[in-house]
Amino acid sequence: MRVGVIVFPGSNCDADVQWAVEQVGGRAEFVWHQATSLAGFDAVILPGGFSYGDYLRCGAIARFSPIMGEVARFAGEGRPVLGICNGFQILTEAGLLPGVLRRNAGLKFLCRPVHLRVENADTAWTRGLQRGQVLRLPIAHGEGNYYADPEELAELERRGQVVFRYVTNPNGSVNNIAGVCNREGNVVGMMPHPERAVTALLGGEDGRRILGAVLSGEGVRAC
Amino acid sequence: MLSPAEIREQQAWRRMGLRDEEYERIVEILGRDPNYTELGMYAVLWSEHCAYKHTRPLFKLFPTEGEHVLQGPGENAGILDIGDGLGVVFKVESHNHPSAVEPYQGAATGVGGILRDIFTMGARPIAVLDSLRFGELSEPRQRYLFGGVVSGISGYGNCVGVPTVGGEVYFDPSYSGNCLVNVMAVGLVETKHIATARASGVGNPVMVVGSTTGRDGIHGASFASAELSEENEEKRPNVQVGDPFTEKLLIEACLEAIRSGDVVGIQDMGAAGVTSSAAEMATRAGNGIELDIALIPRREEGMTSYEIMLSESQERMLVVPQAGKEEAVREIFARWGLHAVTVGRVTDDGMLRVLENGRVVAEVPARSLSTDGAPTYQPEARPPADLAERQALDLSDLPEPEDYGEMLKALLDSPTLASKEWVYTQYDYQVQTNTVVGPGSDAAVLQVKGTKKGLALTIDGNGRYGYLDPWTGGAAAVCEAARNLVVSGAKPLGVTDGLNFGNPERPEVYWQIKEAIRGIAAACRALGIPVTGGNASLYNETNGEAIHPTPIIGMVGLLPDVAKRCPSTFSRAGQAILLLGETKEELGGSEYLWLRRRTVAGRAPEIDLAREKALLETVASAIERGLIQAAHDVSEGGLLVAVAEMCFGAEVGCGIMVDPPGRLDTYLFSESQGRVLVAVEPEDAPAVAAIADERGVPWTLLGATGGGTLRVMRAGEETAPVVNERVTELKRIWREAIPRRLEGRDRA
């Protein structure tokens, strides 16, 4: 199982994701944003960070990187794509996921652990979880306030595209949404950082099942 | 630009912060009058900020050698050997004046600058800690400065992807006109890839890499070397503007270039930009550098040679590659979207020669610009005339508090003692996935991937002790930092010092500087912890009012096995609580006294370095033997505040029994040094006591953990506790103290 970790200028959780995938028994390699092929990869993760400094709207420039066409094609084939934090923002900007991420309601960057409820355990990245299960994962973002207009939101809810919901809303997201998926369930975006919760030493292991979901069980230690 | 004759006529050096005798010294060095560009170059590099003119003669007091020291003072940062082929690179730096004028950018560029000092050594930055001082939050301007500085650190640090894992914040009116922003950065380097800042190899090219050069920050270093005044606002253009995105790219590109082996020397362009980096690199190698400024990529048109040489545009480095490797280096930087332009070469004549389109516009001996060449001063030092008055404290007219529970709440509600959660939740303290213990504990603990080891990091200082007795202020900062590391389970390895004082030309300030440095040096020697570098920030005054002398100590420690770290809070009921060390009647400089009297008075708490060492050995030995469940340094606020903090983590209460010989308030709120609280399994208490006895460390069995309240009983009056408060309520007050003031809410 090979996971491609897309590196944009300004990505800063790339090495963390690589390390975390290795912790759950997978293999991860960096893919530079100017690359144009994802050949040989079984799954793709867009890591967190501040692509292009996020000086414009988060992810708004990264979506034009050459690799994004290939990410869209990869996703279109139904293969697993995960966007974490800035990666989630990029996927919404690229139109691979619905909605947008706005500035936190408190207008401040917020780094702390939060509790999430799993709403959809049928996506490529949540198969190892149970619906209704509560996870503890860290957030670290200034713009994680999820928004979709009322019609789109109703549609998302109806189709079960809400993957994670905050137990206590930290940032003003509509319907407490922390993560969503595309209609097919192979593309997932989430603001919390599963790669920061893969060992007890770092304060929790709830991220293992998410990063490990696409590793088809092999080498994934039970949590 | 003025001609040399006009410079003389107008005594233009004075406006640049140079003294008359310094100008004459420049004339003597050059054998002629300097031109305007040359004068500007000397003015900035001979500023206090760059040249440490007043403090350099005192640095020789510091112990700088030790078994772990790979790099002591003299390079951009110190390096400590932690085994496994790895070194820890670390240094503290101040950005006080820029932050006082423009808090967001001042603090942000403070982070950027110290990070460059780390990765210029070949190390990947892995952590930032910050030590901040403001006036009281009741003043609107202080709320603005505090909020701006925290946002600036957050905005820059989060974007570059370096976690801010710890720090400290104090609020005191002495910092109202001159806030302090000291930032410590820590990096990890494979020792085989350590880079140096030397322009070695005559004929090697000199490259400018990173961002473009503009007019921002010209004379920033000179501005940092003068007192603040009413004209602060006019200095706003002296403050640099940070671009963390470019810094992130610069980190990756520089580390890649250094690892490629094609780089001979590399130095960041901090204060005084091209001038300082070129002069320092040439001086360290005993060479010269010739460069043509017409080749430097710029962001503005029509810049003069003076402006280019003095620009403090951020995110730039000077790189000396091996001859013939320019293209390879250029390609690495190009891949990260950064400039790398050859602008000159290393020469053998020791001169810093600046050309503009081939014409010489400045030519001075490189060494004369460097810290080696700058003048030093040791002016008169004299204790302040009112020292005896400051140190006098009569408690006879200070009645004991009527309600000790309310007193504890008032202390927990003091922003200096309160939870700093409002601050650190704005920092990404977890990126890089190494943070085992984040902010809010005695020390931050990071794992070192690929090993079992851990690093413990802390930054500490207390300006009030410094005001009452600067020797104690210096020594206490070292001792507290060491305690914070030891209670976390680490062995202290090295120190970086941040010296923050007023105008050294005033005898009482120079006395404070000398005393504080003597105190730091004495404590470092007694505890066996070398100083590997640091920073001095003087002229921290506004309208003639100096800040409290505030020496800050950043310290790095090593845990052989990070799994054996020691927590700082109670984990469960039924554990015994022991106090190691002695509580004396020392309310001088305490937060309690400040809250009761709004005064900083009395004698600073006494430091006994031999006892401090014995205490640290006791704690280290007990942790090593697995006898300690939790350990916490007793510092500001005193014993009862420390006990409360231990309750907050898992919301586990406790009961303690006290039997003070004198007043209860001095026992509970004295800030006596050399004390540590530990929680142990009851059956382990005798073993811990025995370890303490062996080393002559006094110990007291205070009580036990358990219940939902914090209870304090006087011996013999067990049924009538003097404090009986719910832990959740105390914790709420402690967490709310800062946010409620920023939001203008009263204490609920």
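We name chains A, B, ... by the order of the sequence lines, and we start the count at 1 in each one. Just so it is clear, the model here is predicted, and its values are computed rather than measured.
Here the side chains of A/Met190 and A/Leu137 are in contact, with some heavy-atom distance below 4.5 Å. Within the 4.5 Å cutoff, no side-chain heavy atoms of A/Leu116 are placed close to those of A/Val134. Between A/Phe41 and A/Arg79 there is no side-chain heavy-atom pair separated by less than 4.5 Å. Within the 4.5 Å cutoff, the side chain of A/Cys13 has no heavy atoms near those of the A/Ile84 side chain.
Contact count versus chain A (heavy atoms, under 4.5 Å) is highest, among B/Ala563, B/Gly161, B/Gly155, for B/Gly161. Here A/Pro9 is the residue among A/Gly48, A/Gly10, A/Ala140, A/Pro9 with the most heavy-atom pairs under 4.5 Å with chain B. Between chain B and the options A/Gly49, A/Pro138, A/Ala197, the largest number of non-hydrogen pairs under 4.5 Å is found for A/Pro138.
With a threshold of 4.5 angstrom between heavy atoms, B/Val160 approaches chain A through N, CA, C or O but not through any side-chain atom.
A side-chain donor-acceptor contact under 3.5 Å links A/Trp125 to the backbone of A/Val81.
Across A/Val187, A/Val3, A/Val44, A/Leu211, a single residue satisfies side-chain contact (heavy atoms from CB on, under 4.5 Å) together with A/Leu82, and that is A/Leu211.
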Donor and acceptor N/O pairs, chain A versus chain B, under 3.5 angstrom:
residue	atom	partner	partner atom	Å
A/Asn12	ND2	B/Asn158	O	3.1
A/Asn12	ND2	B/Cys159	O	3.3
A/Asp16	OD1	B/Gln432	N	3.4
A/Asp16	OD1	B/Thr433	OG1	3.4
A/Asp16	OD2	B/Gln432	N	2.7
A/Tyr55	OH	B/Asp243	OD1	2.4
A/Tyr55	OH	B/Phe245	N	3.3
A/Cys111	N	B/Thr425	O	2.6
A/Arg196	NH1	B/Asp428	OD1	2.9
A/Arg196	NH2	B/Asp428	OD2	2.9

Checklist line | Residue pair A/Asn120, A/Cys181: steps toward the side chain to side chain contact (heavy atoms under 4.5 Å, CB included) verdict | finding: CA-CA 9 Å; A/Asn120 180 340; A/Cys181 63; 4.1 Å; yes
Notebook entry, point to check: Step by step, would you call A/Leu38 with A/Ile6 a side chain to side chain contact (heavy atoms under 4.5 Å, CB included)?
Noted result: CA-CA 10 Å; A/Leu38 289 169; A/Ile6 314 285; 4.0 Å; yes
